[in-house]
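This report concerns only the one structure given below.
Lettering follows sequence order; numbering is per chain, from 1. Since the structure is predicted, the reported quantities are computational estimates derived from the model, not experimental observations.
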There are 2 protein chains.
Amino acid sequence: MNIAEAIELLKEHGYKTTGKRKDILTFFEEADGYRTAKDLIQYLEESYDGISFDTVYRNLHLYNEVGILETTELNGEKHFRMNCTHHHHHHFICKDCGKTKEIEVCPMNEVKKTLHNYAIEDHKFEIYGLCPKCQLA
Amino acid sequence: MNIAEAIELLKEHGYKTTGKRKDILTFFEEADGYRTAKDLIQYLEESYDGISFDTVYRNLHLYNEVGILETTELNGEKHFRMNCTHHHHHHFICKDCGKTKEIEVCPMNEVKKTLHNYAIEDHKFEIYGLCPKCQLA
DNA sequence: TATCATATCGTAATGGTTACGATTTGTAAA
DNA sequence: TTTACAAATCGTAACCATTACGATATGATA
């Protein structure tokens, strides 16, 4: 998902294009990994003095709903990243910088065989640790 | 992990055995699935009027540290269950009742092959949905 | 049974998130 | 281009799970 696609998606859903919304997209495009609401607020405050929590959280939820962002919970805090739409995969997540590496392995087909009569709605497979760069730092 | 093992484990680590600590163990043994701090407080208040948050959370953390409980985060709230010590496995978790079913599949060996130079510290593989009982209810 | 480290209490503080009335601003129609 | 209005944002308070702390009570050991 890139910025142009995201703006198009918002328009399709009838949402307005505002400066802040564009800046939020820019932030996540540059981030290339998971970021928190706090990270985003810090970024936006450079351009907008006194940005409202309401604006930040409302847009994060909106973006998540329409599929621009995906989210995961780490240490009691929600983290967001640009959605990878192309195909199903999972992530290695660096605990230090938040950057992710795609993992192609998904064991769900195998798992489904062992879960007769269970209604599977969702699954989460994440690997945590330090990326090569952050090990050196 | 059963209650006797857990109490033994606490003693080994030099922690005292109190009525509340035993009751917390009873709660989780009967629970047979993931429960929140709130659930536990509700249970303890039946026997102890005005139980302190401090007591509840301190003991939950303690139990997690010594390996009596394992924990996961669902919907922004920490959930705890008795630790399954016997072997490495993952869980299907029912969104309704919190009960779990063990999943023997673990794709980490395969994943490790694709993560050269990454320092893997941890991983999470969980399946969410409704168990057979909760689908009927 | 005396001692003392540990456990608990009562409650306030913290941190992330949500909510809301008032105000501003894109957008599309006139 | 102006108007009209729904949507977006602001400023701030409330919410909820969790953490923290000084004072008090209580298991465990000697």
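- Listed nucleotides: dA17(D), dT19(D), dT9(D). Nearest to the side chain of R21(A): dT9(D).
- For residues 61-73 of chain A, the set of pairs meeting the side-chain hydrogen bond (donor to acceptor under 3.5 Å, both in side chains) definition, not counting sequence neighbours, comprises T72(A)-K124(A), T72(A)-E126(A).
- For H90(B) and H123(A), the ring centers sit 6.0 Å or farther from each other.
- In the helix from dT1(C)-dA30(D) to dA30(C)-dT1(D), the end axes, each obtained as the rotation axis mapping the C1' atoms of four pairs onto the next four within a five-pair block, lie 30° apart to the nearest 10 degrees.
- Interface residues of residues 22-41 of chain B facing DNA chain C, ordered by number: none; criterion, heavy-atom separation under 4.0 Å.
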Checklist outcome for this item: Once base and sugar-phosphate atoms are separated, protein heavy atoms under 4.0 Å mark nucleotides 23-30 of chain C, 5' to 3', with B, S and - as ---BS---
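- Atom CD in E73(A) sits about 13 Å away from atom C1' in dC16(D), given to the nearest Å.
- Ring to ring, Y118(A) and F92(B) are close: their centroids are under 6.0 angstrom apart.
- Put simply, CD on E77(A) is 17 Å from P on dA17(D), counting in whole angstrom units.
- Across all their heavy atoms, K101(B) and T114(A) have their closest contact at CE-O, 3.6 Å.
- Using cut-offs of 30° and 60° on the angle between ring planes, the pair H89(A) and H91(A) is perpendicular.
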Next on the checklist: I'd like to know whether T26(B) forms a side chain to side chain donor-acceptor pair (under 3.5 Å) with D23(B), so could you lay out the CA-CA distance, the side-chain angles of the two residues, the decisive distance to 0.1 Å, and finally the verdict.
Outcome noted: CA-CA 5 Å; T26(B) 304; D23(B) 285 4; 4.8 Å; no
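- Side-chain atoms of N75(B) do not come within 3.5 Å of backbone N or O of E77(B) as any donor-acceptor pair.
- The stretch residues 51-68 of chain B touches DNA chain D through F53(B), D54(B), Y57(B), H61(B), each having a heavy atom under 4.0 angstrom from the strand.
- Counting heavy atoms of neighbouring residues, nucleotides and ligands inside a 6.0 Å radius, atom CG of D49(B) does not exceed 12 of them.
- The residue G50(B) sits close only to the backbone: its heavy atoms come under 4.0 Å of sugar-phosphate atoms, none of a base.
- Atom CD1 of I7(A) sits about 11.0 Å away from atom CD of E5(A), to the nearest 0.5 Å.
- Residue-to-nucleotide proximity on DNA chain D shows that, of Y48(A) and H79(B), the 5′-proximal contact is made by Y48(A).
- Aromatic ring orientation, Y43(B) versus F27(B): tilted (interplanar angle from 30° to 60°).
- Between K78(A) and dT18(C) there is a side-chain polar atom (N or O) within less than 4.0 angstrom of OP1 or OP2.
- Here dT17(C) presents its P atom at 14 Å from CG of N75(B), a figure rounded to the nearest Å.
- Here CD1 of I51(A) is found 5.0 Å from NZ of K20(A). Values are rounded to the nearest 0.5 Å.
- Applying the side-chain hydrogen bond (donor to acceptor under 3.5 Å, both in side chains) criterion to D96(B), with sequence neighbours excluded, gives no partner residue.
- More than 12 heavy-atom neighbours from other residues, nucleotides or ligands sit within 6.0 angstrom of CD on E45(A).
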